[in-house]
Chemist: 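Below: one structure in structure tokens.
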Amino acid sequence: MVLELMHNVALLVALAVGLQILARRMEDRPALYGLSTGLLFGVAGIVGMMTPMHFAPGVIYDGRSIVLSLAGLFGGPLAAAVSAVMCGAYRLHLGGAGATAGLLTVIEAAALGTILHYLRRRHEAWVSPAPLWAFGLLVHVIMLALQFLIPNVGWDVLRRIGPSVLIFYPLGFLLIAQVFLNGEERRKAEQALRQSEERYRRVSEDMPVLICRFLPGGEITYANEAYCKYFGKTSEALVGSSFLSRVHEADRETVMRAISSLTADSPTESHEHRVIAPNGEIRWQRWTHRVLFDAQGPAVAYQSVGEDITDRMRAEAEKERLEAQVRHAQKLESLGVLAGGIAHDFNNLLVGILGNADLAMMDLPPTSPARASIEQVRVAARRAAELTTQMLAYSGKGAFVIIPVDLSKIIREMMGLLRSSISKKVTVQHRLSEDLPSVQADVAQVRQVIMNLIINASEAIGDKEGVITVSTGVMHADRRFLAETHMGEDLPEGRYVYLEVSDTGTGMDAETKSKVFDPFFSTKFTGRGLGLAATLGVIRGHRAAIKVESELGRGTTFTVLLPSSDEPAVDVSGTISPQNAGARGSGTILVVDDEEQVLRVAQALLERAGYSVLTAGDGRAAVRVFREHAGEIAAVLLDLTMPELNGDETFNAIRHIRPDARVILSSGYSQQEATKKFAGKDLSGFIQKPYVGDSLVQKISEVLSTSTEVGG
């Protein structure tokens, strides 16, 4: 009996495997699955009955009770019915004394299996080991009871095979049921995995982010639609290719090192790297990688999610650039305010130095040995005045006289001076555009810019032989180009006249280039001066822009952009000779200044020239003195910045007393900056500090002989 039982067990194991294959293919067609399952179980039952254990003529025992119970349990009512019909028909075909008991065994086993099938649907606990063994025992207790229907053999059956049946058949049923259950669990797990993968695939295909999986060697095993579209390839073309093949070669080692560092304790990692787009463009992506391990421990794959961050990177870079520009502009503004204030106060001091030096020279006889020393004081003071002029230029408040000029013509006239100002080993070439549109500019300041750029280029070349190229022309500057310049971020797009100075010198690194316009910065030696810093101030004052391009070992190019003008250029060749030098005059002049030294020097210089002088140390005193002497004062020399009442308030008060009063404004700031508040007020004249005796007397004489409006 044991051998026959083992034979049936082997048969049922094979049946279990077949059912798993059948279930996978027909799980979505339950009727066909039930019919097919019933046929398989029926065939298995018939095969078992072909090799039975013979107990008596016409009385056989086999594993059909187990087969039919399993058919009902795992196949359901349809499978149980089909298999029962097949096995019952075959048992009747075999005939014999036990045919009726055998047929009833077929029916009861299939029926009990079907009942257990429905009980299992309510609760899975019905197919745990204990209930299964009890069910197997019940099936075979009933089977043994049915043996009493066989004439004269019932008790012999119970005595001879009853114990073995009650021991081995329930155990056999339990073992085979477990095989079927295990197969079911694997099938359900596989089905759940397929469904999970399908859900994952649907989700990943619908997501806009890039998703892929690849093996430890980098071979891609899956890529979603977004990934395929991004790189312009089909899924079939991508699968099997290397994930790293699309990573920029400069970043591949970093990416592999990051991925290789993933462990079970730290399974995820995020980083940013460059990729090569299908059109060859280099773009930025951010990827998050997760490592997947098998049961034994080694990494088997990586699941990665990425997104294009090129626009964000560009926006951040643009933000950093704009912030740097703002910081630079704020620094320039702060330094400009400081430089302007220092220049203003310094000019007041220089009035005292130059004025007293002029007075001393007037008093000394021609043969006095002190004249040489005083002349050196005057020379030093004039050089100091030039420094204040540079400081005002840096602050953007220099003395500008704006007229339409031809930039190419100015450079041609300066060529001799330019060549004499630089090393003899340096060659100056020029590519100057003919018929250049005019620009609204101050000629003296533009000449200073050209000179500063040429000298800077010569110093960059040093003692070696080199070439400086000076070019002019017209260009259309768009928003992108202007954004790359200094002082050009707020300028409108349009037509600009450019001045370009290129050299074959050593060039600059990024750090040096960022400091090139800082006051007193130099790569040669400390304290070089305000050359390029003053240049930037002139650029700012002209509402222009300047761009610096430089690489180490490849030289430097400065490009100055000036808005073009439709007005015809004014001829600025030659010099204007001063008139009325050494002039003398008469009349009463009111000098108003809060600097005692300036007040005394101006008084002395004017008195030496024949004028009567009244003085006032602040605005209120000036108004009081003017009211007392309104009929005799010929002109007022008025300081701009004073306590009590400032320059424009004092001016208004004086004009209220006498509307035709001639007022000359005096300031350490430029005329353009100082006369802003006097536009349309018929200001009689302007003189910038520091002034010397001749220039002050000449200005007074000019004002007294004319009534020309100054400063708007």
Chemist: Taking the side chain as C-beta and beyond, is there a heavy-atom pair between Leu561 and Met475 under 4.5 Å?
Modeler: yes

Chemist: State the CD-CD1 distance between Glu459 and Ile454, to the nearest 0.5 angstrom.
Modeler: 12.0 Å

Chemist: Any donor and acceptor pair, going by atom type alone, linking the side chain of Arg554 with main-chain N or O of Met508 inside 3.5 Å?
Modeler: no

Chemist: My understanding is that only one of Asp618, Leu638, Asp639, Thr615 makes a side chain to side chain contact (heavy atoms under 4.5 Å, CB included) with Val592; could you say which?
Modeler: Leu638

Chemist: Let me confirm one number: the CG-CE distance from Asp308 to Met313, rounded to the nearest 0.5 Å.
Modeler: 10.5 Å

Chemist: When rounded to the nearest 0.5 angstrom, what distance separates CG in Asn652 from NZ in Lys677?
Modeler: 10.5 Å

Chemist: Less than 4.5 Å apart, any side-chain heavy atom of His656 and any of Phe651?
Modeler: no

Chemist: Would you give the length of the straight line joining atom CD of Glu316 to atom CD of Glu323, rounded to the nearest 0.5 angstrom?
Modeler: 10.5 Å

Chemist: Taking the side chain as every heavy atom from C-beta outward, state whether His248 and His273 have any atom pair closer than 4.5 Å.
Modeler: no

Chemist: Judged by atom type as modelled, is there a donor-acceptor pair below 3.5 Å linking the side chain of Thr650 to the main-chain atoms of Asn646?
Modeler: yes

Chemist: For a side chain to side chain contact (heavy atoms under 4.5 Å, CB included) check, start with the C-alpha distance between Val538 and Leu536, then their side-chain angles and the critical distance, and finish with the verdict.
Modeler: CA-CA 5 Å; Val538 173; Leu536 190 62; over 6 Å; no

Chemist: Rounded to the nearest 0.5 Å, how far does CG of Leu665 lie from OG of Ser667?
Modeler: 6.5 Å

Chemist: Using only heavy-atom distances, determine whether the side chains of Ser408 and Thr472 contain a donor-acceptor pair under 3.5 Å.
Modeler: yes

Chemist: Is it the case that atom CZ in Arg431 sees more than 12 heavy atoms from other parts of the structure closer than 6.0 Å?
Modeler: no

Chemist: Between Asp503 (side chain only) and Gly555 (backbone N and O only), is there a donor and an acceptor less than 3.5 Å apart?
Modeler: no

Chemist: Around Asn279, counting heavy atoms of other residues, nucleotides and ligands shown, do more than 12 lie under 6.0 Å from its CG?
Modeler: yes

Chemist: Is a salt bridge present between Lys676 and Asp648, judged by a nitrogen-to-oxygen distance below 4.0 Å?
Modeler: no

Chemist: When you compare the side chain of Ile450 with that of Met414, does any pair of heavy atoms fall below 4.5 Å?
Modeler: yes

Chemist: Return yes if some donor-acceptor pair links the side-chain N/O of Ser701 with the main-chain N/O of Val697 below 3.5 Å, else return no.
Modeler: no

Chemist: Any side-chain donor-acceptor pair under 3.5 Å between Gln440 and Ser565?
Modeler: yes

Chemist: Would you find a donor on one side and an acceptor on the other, under 3.5 Å apart, between the side chain of Thr559 and the backbone of Glu500?
Modeler: no

Chemist: What are the two closest heavy atoms between Val663 and Leu683, and how far apart are they?
Modeler: O-CD1, 3.6 Å

Chemist: Just by modelled atom types, is the Val439 backbone N or O under 3.5 Å from a matching donor or acceptor in the Ser564 side chain?
Modeler: no

Chemist: Checking side-chain hydrogen bond (donor to acceptor under 3.5 Å, both in side chains) for the pair Thr535/Asn452: CA distance, chi angles, key distance, verdict?
Modeler: CA-CA 7 Å; Thr535 295; Asn452 287 344; 3.1 Å; yes

Chemist: Taking C-beta and beyond as the side chain, do His542 and Asp442 meet within less than 4.5 Å on heavy atoms?
Modeler: yes

Chemist: Determine the minimum heavy-atom distance between Val467 and Thr504, stating which atoms define it.
Modeler: N-OG1, 3.0 Å

Chemist: Closest approach of Asp490 and Arg543, non-hydrogen atoms and distance?
Modeler: O-NH2, 4.0 Å

Chemist: Determine whether Gln603 and Leu599 satisfy the following criterion, side chain to side chain contact (heavy atoms under 4.5 Å, CB included), listing intermediate values before the conclusion.
Modeler: CA-CA 6 Å; Gln603 180 180 6; Leu599 206 61; 5.9 Å; no

Chemist: Assess whether atom CG of Asp660 is packed by more than 12 heavy atoms of other residues, nucleotides or ligands within 6.0 Å.
Modeler: yes

Chemist: Please step through side chain to side chain contact (heavy atoms under 4.5 Å, CB included) for the pair Leu499 and Ile411, ending with a clear verdict.
Modeler: CA-CA 10 Å; Leu499 160 67; Ile411 295 173; 3.6 Å; yes

Chemist: Taking Arg286 for its side chain and Glu307 for its backbone only, find out whether a donor-acceptor pair lies under 3.5 Å.
Modeler: no

Chemist: On a heavy-atom basis, which atom in Gln597 and which in Ile353 lie closest, and how many Å separate them?
Modeler: OE1-N, 4.5 Å

Chemist: Charged N to carboxylate O under 4.0 angstrom, Glu596 versus Arg600?
Modeler: yes

Chemist: Taking the side chain as every heavy atom from C-beta outward, state whether Ser471 and Gln429 have any pair of such atoms under 4.5 Å apart.
Modeler: no

Chemist: With a 4.5 Å heavy-atom cut-off, do Thr427 and Ile468 have their side chains touching?
Modeler: no

Chemist: Can you establish whether the number of heavy atoms outside Asp566 located under 6.0 Å from its atom CG is more than 12?
Modeler: no

Chemist: Determine whether a donor-acceptor pair (N or O, by modelled atom type, separation under 3.5 Å) exists between the side chain of Lys689 and the backbone of Val351.
Modeler: no

Chemist: What is the minimum heavy-atom distance between Phe686 and Lys699, and which atoms define it?
Modeler: O-CE, 3.3 Å

Chemist: Is the CD atom of Glu249 crowded by more than 12 outside heavy atoms at less than 6.0 Å?
Modeler: no

Chemist: Quick check for you: to the nearest 0.5 Å, what is the distance between Asp435 atom CG and Asp406 atom CG?
Modeler: 8.5 Å

Chemist: Would Leu704 and Arg662 satisfy side chain to side chain contact (heavy atoms under 4.5 Å, CB included), going step by step from the backbone distance to the final call?
Modeler: CA-CA 8 Å; Leu704 293 181; Arg662 292 172 174 171; 4.0 Å; yes

Chemist: Is it true that, when you exclude Glu465 itself, more than 12 heavy atoms of the residues, nucleotides or ligands shown sit nearer than 6.0 Å to its CD?
Modeler: no

Chemist: Taking Glu549 first and then Lys513, would you say they form a salt bridge - that is, a charged N and a carboxylate O separated by under 4.0 Å?
Modeler: no

Chemist: Before giving the answer on salt bridge (Lys or Arg N to Asp or Glu O under 4.0 Å), spell out for Arg312 and Glu272 the whole-Å C-alpha distance, their side-chain angles and the decisive distance to 0.1 Å.
Modeler: CA-CA 12 Å; Arg312 192 193 79 190; Glu272 298 168 353; 2.7 Å; yes

Chemist: Determine whether His486 and Lys547 make a side-chain contact, defined as any pair of heavy atoms from C-beta on separated by less than 4.5 Å.
Modeler: no

Chemist: If every non-hydrogen atom of Pro492 is compared with every non-hydrogen atom of Leu482, which pair is closest and at what distance?
Modeler: O-CD1, 3.4 Å

